[in-house]
Amino acid sequence: MSDHPPYLDQLNETQREAAMCINGPVMIIAGAGSGKTRVLTYRIAHIIRQGTDAFNILALTFTNKAAREMKARIEKVVGPEAKNLWMGTFHSVFAKILRIEAERIGFPKDFTIYDTDDAKSLIKTIVKEMNLDDKLYKPGLIYNRISNCKNSLITSKEYISIPELLEADSSSGRPLLSKIFASYQARCFKAGAMDFDDLLVNTYQLFKRYPDVLYKYQHKFKYIMVDEYQDTNLCQYMIVKSLASMYENICVVGDDSQSIYSFRGASIQNILNFEKDYPDLHVFKLEHNYRSTSNIVNASSSIIAKNKEKLDKKIFTNNQEGEKIKVVRTLSDNEEGRMVAQSIFEEKNQKQLANADFAILYRTNAQSRAFEEALRKMNIPYRVYGGTSFYQRKEIKDMISYLRLVVNPNDEEALKRIINYPARKIGATTIDKLLVLASENNVGIWDILKNAHQYPLLGSAVAHLRDFYIMMSSFQTMLTSKNAYEIAEYVAKQSTLLKTLYEDKTVEGVSKHENLIELLNAIKEFTEDDTNENEKTLSVFLQDIALLTDADKEDGITDKVVMMTIHSSKGLEFKHVYVVGLEENLFPSQLSLNSRPELEEERRLFYVAVTRAEEKLTLSFATSRFKYGNLIPCEPSRFLDEIDSKYLEISYGNARQEPMFQEKEKDKGFGKGYGMMVGKQVARPTPQIKVSENFKESNTADIQEGNTIEHQRFGMGKVVKLQDSGDNKKAIIEFDEVGQKTLVLKFAKLMIHH
DNA sequence: TACTAAGCTCTTTTT
DNA sequence: GAGCTTAGTA
């Protein structure tokens, strides 16, 4: 095709064909680094240029960040019209639709979105109320079961009619799981709340039960595009399919080799079977990798070639060969951290690179610690994505809970969280009574509060409940007259939350206070932001942030080394990438070792990690690592053996040879649990004080009476006294700045290598 | 009711 | 190691 509008000049021939084929079903198989986002961007621009209004286009992306960036790029081509695109994650787009249509399915317009913590907490409450053993009915496990059901579109009603599920439950000793499921759904409904999965399921139900609503959106979305299609689940697939059935202008983009979300119900079959759904499908394959050196491209192909379940495609590149892939062995996780930090420091100076050109990728969030410490010591700025984000912090969740309760008084989880925080003499017993009364009378807790005086059971707590009710009611009356920021500020003050944190002069307290101020500023910004047309109510703010992840939060300084899990690195690229913790049982994860599909998914994950790198790739593993406070030996990952060695630079013989760590005789002389002791014991304070973070490393070894130590948060101090109590030692330390503190020191099972 | 110390349990990955 | 629960005390 040689005829094309000039704005498509930037695409190569296949990319352009894919971008210009806008009518009818299209599947774009886009290998890593093949310019997938670019094609999608120009395709949307092309649709708009061909005369379709932006608000008739629906584009579903995997992250909010991807949506934002794509929108900005489209805007550059087509102008401000791009603002009207319906573009976002499945969750955020469907939350928007549900907000509009909520009343159809019996939810308030201002429904709450329960995050994972809220959901688990509710399950815990239900388990407790049913007098079940929460060791057996673990909230996390039940939540996963419920989530899996929802992703496969099994309702709680259908659940009890599927003998396989019931049988599996009773044989695992959890026959009442279906009851919990049903009760969980009922409680969410009563609280006017949806969990993450409900946002999808309820959309599906809405379209199924109300053909007129479906019709409206089928008409609205004349063009539908789905990015990262390999990571959609049944429910998402069904919704998209029904939305697209009117025009069949559906375009899915994905890469089967990068399907890494099966734990969320994503099915690689969606992409493998797409052809069956649409026989007149146009398929385009983008196989030219523009991102990485040929060494990296070829090495990654040699990895993914080991997988059986995949579509046929051949990735190639014209880029130069580049450096070989470095494989590095270190003795411990901490040393791995130092090695990476050192390497970044040297590379940065040698090649004049920015911090943001470097990324450290790992399998689990917990691995970030060692790298943070090492980078901090070398004064290299970094940013950790994932883990506990700003909105997960206690003080933020507390404040958010107040606001949630203002907007939706039935929000049970929010209420439980703050009814006695700050302390207002409403204890656990009273809360239990409230829950009992609510379920006995089949009303919400809020209704019980409203009429607290009518329930003799509540006894002397009535007065305190009354005060709380009056306070919350006064907040609610502001909804009609004040904006989001005015309400939030008033709530922060009146609830005494701000004051409580302000008066807490501990280091933690000060930072909590700062965080709360930051939240208030964020709300202010939201209120004043006029770049999009959405209404600026408190309820919109709350729904927005419920779907925000850590990756979405920007902070002024952007030149930082990036640290994240491989999962969240999907779609990103960096000049230099370190894939760390390549150890058997960690990556591939222990849980996936015994079954082929899971191991194949781990391999795809490895593929994703490796293909993030543009110029240089370093793979590293440690021969020992801390786990639950124990130092355990580690073996190199099998994946290191799977890469064709001609692409590698290994400095120490075969990757999987000679593990340094030799397990020694166990349980000799150190009592319970103290195996593997070789060198000397090292004192590590734990519980209240985190050693690694707070003590300068040179001081962790010898905390003795009379010694001067340096603590990162409390500064310099002198050890006044050491007390022994079994496994633990306490040290009373007089700090110059903050006075006397008692720190608990625990003997860690640390081994010293030579 | 609130606070602290000791004890128990868990580990993928995310919207 | 870290977060959370329980038991014990003020």
Side-chain angles (χ1 to χ4, degrees), chain A residues 60-65 88-95 113-117 119-121 124 134-135 138-141 144 147 151 194-200 228 231-233 235-236 260-266 333 361-367 369-370 385-389 394 420-430 461 464 546-552 564-570 581 585-593 598 601-602 604-605 608-609 625-631 684-693 725-728 730 742 744 746 748-750:
Chain A
L60 297 165
T61 59
F62 202 72
T63 61
N64 294 306
K65 193 166 171 244
T89 62
F90 275 88
H91 294 267
S92 68
V93 168
F94 294 155
I113 297 172
Y114 274 177
D115 68 12
T116 312
D117 291 340
K120 284 184 190 163
S121 151
K124 207 171 168 182
D134 66 354
K135 298 263 151 57
K138 290 178 194 161
L141 187 136
N144 285 337
S147 173
N151 288 328
M194 302 188 196
D195 66 20
F196 290 136
D197 300 313
D198 288 335
L199 293 174
L200 307 178
E228 307 285 8
D231 286 321
T232 53
N233 59 38
C235 183
Q236 294 168 318
I260 53 175
Y261 278 95
S262 68
F263 69 92
R264 226 167 81 179
D333 44 3
L361 307 181
Y362 35 75
R363 179 67 240 267
T364 65
N365 282 307
Q367 284 166 257
R369 203 208 78 247
Y385 289 81
T388 35
S389 77
K394 182 190 177 303
N420 195 34
Y421 182 80
R424 45 175 78 88
K425 302 208 184 293
I426 303 173
T429 327
T430 307
H464 301 132
L547 297 173
L548 228 48
T549 60
D550 204 33
D552 298 317
M564 58 173 75
T565 63
I566 299 164
H567 279 91
S568 34
S569 76
K570 200 171 58 166
N585 296 335
L586 180 59
F587 190 21
S589 147
Q590 192 166 17
L591 291 139
S592 61
L593 281 179
E598 267 84 33
E601 178 155 321
E602 292 284 314
R604 290 196 290 270
L605 202 48
V608 168
R625 169 180 302 278
F626 270 102
K627 195 178 182 186
Y628 311 148
N630 294 324
L631 198 69
R684 310 191 121 210
T686 50
Q688 293 80 4
I689 312 294
K690 297 172 209 153
V691 175
S692 38
E693 210 176 13
S725 61
D727 285 354
N728 294 324
K730 279 186 209 165
T742 305
V744 178
K746 193 173 165 185
K749 296 131 238 180
L750 183 66

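Here is the naming used below: chain letters follow the sequence lines, and residue numbers restart at 1 for every chain. Note that the structure is predicted; figures quoted are calculated from it, not measured. Values below: all heavy atoms of this structure, side chains included; hydrogens, waters and symmetry mates excluded.
- Comparing C:dC4 with B:dT13, their P atoms sit 16 Å apart, to the nearest whole Å.
- Separation of atoms OG1 (A:T565) and OH (A:Y362) is listed at 7.0 Å; rounding is to 0.5 Å.
- Along DNA chain B, the nucleotide nearest to A:K425 and the one nearest to A:S592 differ in position, and the one closer to the 5' end is contacted by A:K425.
- Contact check, A:N365 against B:dT13: a side-chain N or O comes under 4.0 Å of OP1 or OP2.
- Contact check, A:N151 against B:dT15: no side-chain N or O comes under 4.0 Å of OP1 or OP2.
- Separating the CZ atom of A:R264 from the C1' atom of B:dT15 is a distance of 5 Å, rounded to the nearest angstrom.
- Summarising the geometry, the separation between NZ on A:K65 and C1' on B:dT14 is reported as 15 Å, rounded to the nearest angstrom.
- The nearest whole Å value for the distance from the CG atom in A:D117 to the P atom in B:dT15 is 14 Å.
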For the pair A:I260 and A:V608, evaluate side chain to side chain contact (heavy atoms under 4.5 Å, CB included) and give the outcome as yes or no after the intermediate values.
CA-CA 9 Å; A:I260 53 175; A:V608 168; 4.2 Å; yes

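- Remark: P of B:dT14 and CD1 of A:I260 are 9 Å apart, rounded to the nearest angstrom.
- The phosphate of B:dT13 (OP1 or OP2) has no side-chain N or O of A:S568 nearer than 4.0 angstrom.
- Within 4.0 Å (heavy atoms only), A:F90 reaches no atom of the nucleic acid at all.
- OP1 or OP2 of B:dT1 lies within a sub-4.0 Å distance of a side-chain N or O belonging to A:T429.
- Across all strands shown, A:A423 has heavy atoms under 4.0 Å from sugar-phosphate atoms exclusively, and none from any base.
- Judged as a salt bridge (Lys or Arg N to Asp or Glu O under 4.0 Å), and not counting sequence neighbours, the contacts of A:D115 are A:K397.
- Contact annotation: A:K138 reaches the phosphate of B:dC10 (side-chain N/O to OP1 or OP2, under 4.0 Å).
- Listed by chain and number, the residues in a side-chain contact (heavy atoms from CB on, under 4.5 Å) with A:T116 are A:K120, A:Y143, A:F196 (sequence neighbours excluded).
- OP1 or OP2 of B:dT14 has not a single side-chain nitrogen or oxygen of A:T63 nearer than 4.0 Å.
- Nucleic acid contact for A:N420: sugar-phosphate only, since backbone atoms but no base atoms lie under 4.0 Å from a heavy atom of the residue.
- Distance A:H464 NE2 to B:dA2 P: 10 Å, rounded to the nearest Å.
- In this structure, A:H567 places its NE2 atom 9 Å from P of B:dT13, rounding to the nearest Å.
- One can place CG of A:L586 at 15 Å from C1' of B:dC10, the figure rounded to the nearest angstrom.
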